[in-house]
Amino acid sequence: MLPHFHNTLTRQTEPLTLLDPEQKKLRLYTCGPTVYDHAHIGNFRAYLFEDLLQRHLESRGYDVERIMNLTDVDDKTIRGAHAKGISLDAYTRPYKDAFFADCAALRLRPAKAYPEATDPKNIERMIAMITTLVERQHAYQAEDGSVYFRITSFADYGKLAHVDLQEQRPSGRVQSDEYEKEQIADFALWKAWSPEDGDVRWESPWGAGRPGWHIECSAMATRLLGDQIDIHCGGIDNLFPHHEAEIAQCECVTGRSFVSLWMHCAHLMVDGSKMSKSAGNFYTARQLMERGWSGREIRYTLLAVHYRIPLNFTMEGLEASRQAIARIDTWRERLQEFATVDTSVRPLEKLGSIDLENFFNSLDNDLNISAALAVLFEVIRESNRQLDAGTFSADQVAGLRQWWQRVNSILALEQEPEEVIPEAVATLLAARQAARDAKNWGDSDRLRDEIASLGWQIKDTKGTQKVLRRF
RNA sequence: GGCGGGGUAGCCAAGUGGUAAGGCUGGGCUCUGCAAAAGCCCCAUUCGUCGGUUCGAUUCCGACCCUCGCCUCCA
């Protein structure tokens, strides 16, 4: 069965069709962050959805060539650099580094490339595209020196967001002073330099200035992936006008259909309302990690809800994820004690009445992660039962471990190898074991509390003690 | 006004024209020196409201209510 995905363009769930079906090669473009600040968990929800998409497609044998851009020049980055009195590059560099560190902590698979808007190769491409658009009357230079896209020149404008421009009512956010434009909805391709921009400027046929946001993605996507790409993803808030503008720019330049499949991720809410700085319900991944939440706990929380459903992020949700992950961890350890990974053993296909392929089949259905996780937890319960009853063969467990490896190649939730137990904890553990051997329960309990206060939780099993790191 | 997402047990959340997955919490049991941890078991006559179609609707149709967004540079 082919994977099916919901296409924003058609508002239908469709079988995946590739430009290059023989090679199973898939070109994927994902809108990346604007590096004016640390990415927040709303951003990461989108990146995690894309990660799930990529990992699942790879598990299905597709060769996924994913590009994620970094927007490192815009109003906010220029303003930020100016406020600190440093260069644009000096301002954005730490946020780029932080972004990659956060991605690693959340176990995002790296993209093939992370093109930056300020890269001369990309600026060159943007200028070339704008030149073509101006030549073909799709764009014009206005009184203010900026170049705008003429939306009335592109009949398909609005096909992605399904909007009719005649029906649009300007919202309060629209600047009414943009009288230079022919149409209020015309968007900037090239922004003329102004004194606030300082030394952030590139020369162009229309004078000094800098690119508009939308043209960045069009230029980087087509430069690295070609005129036509298979899948383009982003947050729902990029649907309009950003992605609509990308289509207009690319299709007016190339004359070809830009993207086959558009996928958009719904918003992240915090405690029931939209995340915003002013409301104080704004989290970055690193803030959560500083509070003791692990990357995989954040990963699970953001991944476990279907991407097209608004996700309400709460501390209770994180706590629930922590418990769910602990269940997976202990199950996995139990399998590990029972059988080693043996690649000569075929992955198990059925466990009791559970078809293990249903995990992957569920993801084929527009990334139905809830159904997929339900399969995982059913497998956990059933295999625990069988392990309790002693009805499992070593081969079956080995086969189950093979299955888990496939599952984990998508979920990426497996715990890191055991943390090294600190010397102090090890000493206390030895003392407690001695006390226990002497049936000195008073000392045993006291030492247990002492170890717990260091952040390690004791698990007593027959004859031995185990400790787990607890935050 | 236009476009779009939601409303399923205490919380999160799948799902199908035929009688409700899964996770968390809670309760019970097993294990245990005690506890914790862990495992197993139990926990929605009911799917926003009201109508309609149907042998039968949470699932299809209509109306309504509530809620969250987008409509020019926020993933």
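Chain A is the first sequence line, chain B the second, and so forth, proteins listed ahead of strands; every chain is numbered from 1.
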Might you work through the side chain to side chain donor-acceptor pair (under 3.5 Å) test for A:Glu382 and A:Gln386, ending with a clear yes or no? CA-CA 6 Å; A:Glu382 179 58 25; A:Gln386 298 212 25; 3.0 Å; yes
Can you list the residues that meet the salt bridge (Lys or Arg N to Asp or Glu O under 4.0 Å) rule with A:Asp186, with sequence neighbours excluded? none
To the nearest angstrom, how far is A:Leu239 atom CG from B:G2 atom C1'? 14 Å
Is A:Ala324 touching bases, backbone alone, or none of the nucleic acid, heavy atoms closer than 4.0 Å? sugar-phosphate
What does A:Arg436 touch in the nucleic acid at a heavy-atom separation under 4.0 angstrom: a base, only the sugar-phosphate, or nothing? base
Measure centre to centre between the rings of A:Tyr283 and A:His40, then say whether the value is under 6.0 Å. no
Which whole number of Å gives the distance between the P atom of B:G23 and that of B:C41? 10 Å
What's the closest nucleotide to the A:Phe240 side chain, out of B:C71, B:A13, B:G23? B:C71
Ignoring hydrogens and geometry, is there a side-chain-to-backbone donor-acceptor pair from A:Arg45 to A:Ala266 under 3.5 Å? yes
Pick base, sugar-phosphate or nothing for A:Asn384, based on heavy-atom distances below 4.0 Å to the nucleic acid. sugar-phosphate
Say you pick atom C1' in B:G48 and the same atom in B:U8; how far apart are they, in whole Å? 10 Å
At 4.0 Å (heavy atoms only), tell me whether A:Leu268 reaches a base, stays on the sugar-phosphate, or touches nothing. base
Contact class for A:Gly234 vs. all strands (heavy atom < 4.0 Å): base, sugar-phosphate, or nothing? sugar-phosphate
Distance between C1' atoms of B:G22 and B:G15 (Å, rounded): 11 Å
C1' atoms of B:A20 and B:A13, separation to the nearest Å: 13 Å
Between A:Phe187 and A:His214, how do the two ring planes meet: parallel, tilted or perpendicular, split at 30° and 60°? perpendicular
Roughly how many Å is it from CD1 in A:Ile184 to C1' in B:C73, rounded to a whole number? 14 Å
Pair of N/O donor and acceptor under 3.5 Å linking B:C74 base with A:Lys76 side chain: no
Tell me what A:Ile458 touches on the nucleic acid: a base, only sugar-phosphate, or nothing, going by heavy atoms under 4.0 Å. base
Mind checking what makes side chain to side chain donor-acceptor pair (under 3.5 Å) contact with A:Tyr300, not counting sequence neighbours? none
For a quick check of understanding: with a heavy-atom distance under 4.0 Å over all strands, which category does A:Glu378 fall into, base, sugar-phosphate or nothing? sugar-phosphate
Show each protein N/O and nucleotides 16-19 of chain B N/O combination with a separation under 3.5 Å, one pair to a line.
none

Euclidean distance for P, B:G10 against B:G26 (whole angstrom): 16 Å
Could you pick out which residue, A:Asn368 or A:Gly32, lies toward the 5' side of RNA chain B when each is mapped onto its nearest nucleotide? A:Asn368
Atom CZ of A:Arg11 and atom C1' of B:G2: how far apart are they, to the nearest Å? 12 Å
With rounding to whole Å, what would you report as the distance between B:C3 and B:U25 at their C1' atoms? 38 Å
Could you list the protein-to-nucleotides 67-69 of chain B atom pairs, N/O on both sides, closer than 3.5 Å?
{"from": "B:G69", "atom 1": "OP1", "to": "A:Lys274", "atom 2": "N", "distance (Å)": "3.4"}
{"from": "B:G69", "atom 1": "O2'", "to": "A:His267", "atom 2": "ND1", "distance (Å)": "3.2"}

Donor-acceptor pair (no angle test) under 3.5 Å: A:Arg327 side chain, B:G23 base: no
Distance, rounded to the nearest Å, where A:Asn361 contributes CG and B:G15 contributes P: 14 Å
For A:Asn358, give me all partners under side chain to side chain donor-acceptor pair (under 3.5 Å), at least two apart in sequence or on another chain. none
Among residues at least two apart in sequence or on other chains, which ones pass salt bridge (Lys or Arg N to Asp or Glu O under 4.0 Å) with A:Arg66? none
Could you check A:Val375 against A:Ala161 and say which one's nearest nucleotide on RNA chain B is further toward the 5' end? A:Ala161
To the nearest Å, give me how far apart CG (A:Leu413) and C1' (B:G23) are. 13 Å
Partners meeting side chain to side chain donor-acceptor pair (under 3.5 Å) with A:Asn365 (sequence neighbours left out): none
How would you label the contact of A:His306 with the nucleic acid (heavy atoms, under 4.0 Å): base, sugar-phosphate, or nothing? sugar-phosphate
For A:Gln12, which residues count as a side chain to side chain donor-acceptor pair (under 3.5 Å) partner, sequence neighbours excluded? none
Pairs flagged by salt bridge (charged side-chain N to carboxylate O under 4.0 Å, His left out) wherever residues 353-369 of chain A is involved - sequence neighbours left out: A:Arg60-A:Glu357, A:Arg60-A:Asp364, A:Arg308-A:Asp366, A:Glu357-A:Arg406
With rounding to whole Å, what would you report as the distance between B:C50 and B:A57 at their P atoms? 14 Å
Taking A:Asp445 first and then A:Arg448, would you say they form a salt bridge - that is, a charged N and a carboxylate O separated by under 4.0 Å? yes
Using the side-chain hydrogen bond (donor to acceptor under 3.5 Å, both in side chains) rule, collect all pairs that involve residues 103-114 of chain A, keeping only residues at least two apart or in two chains. A:Glu58-A:Arg109, A:Glu65-A:Lys112, A:Arg107-A:Glu416
Contact residues, residues 440-448 of chain A to RNA chain B [heavy atom, < 4.0 Å]: A:Trp441, A:Ser444, A:Asp445, A:Arg448
Expressed in angstrom and rounded to an integer, what is the separation of A:Phe377 atom CZ from B:C24 atom P? 6 Å
For A:Glu244 and B:G4, what is the distance between atoms CD and P respectively, to the nearest whole Å? 14 Å
Between B:C31 and B:A36, how far apart are the C1' atoms? Round to whole Å, please. 12 Å
Using a heavy-atom cut-off of under 4.0 Å over every strand shown, decide if A:Glu316 touches base, sugar-phosphate, or nothing. nothing
Taken in chain and number order and not counting sequence neighbours, the residues that satisfy salt bridge (Lys or Arg N to Asp or Glu O under 4.0 Å) with A:Glu251 are A:Lys159
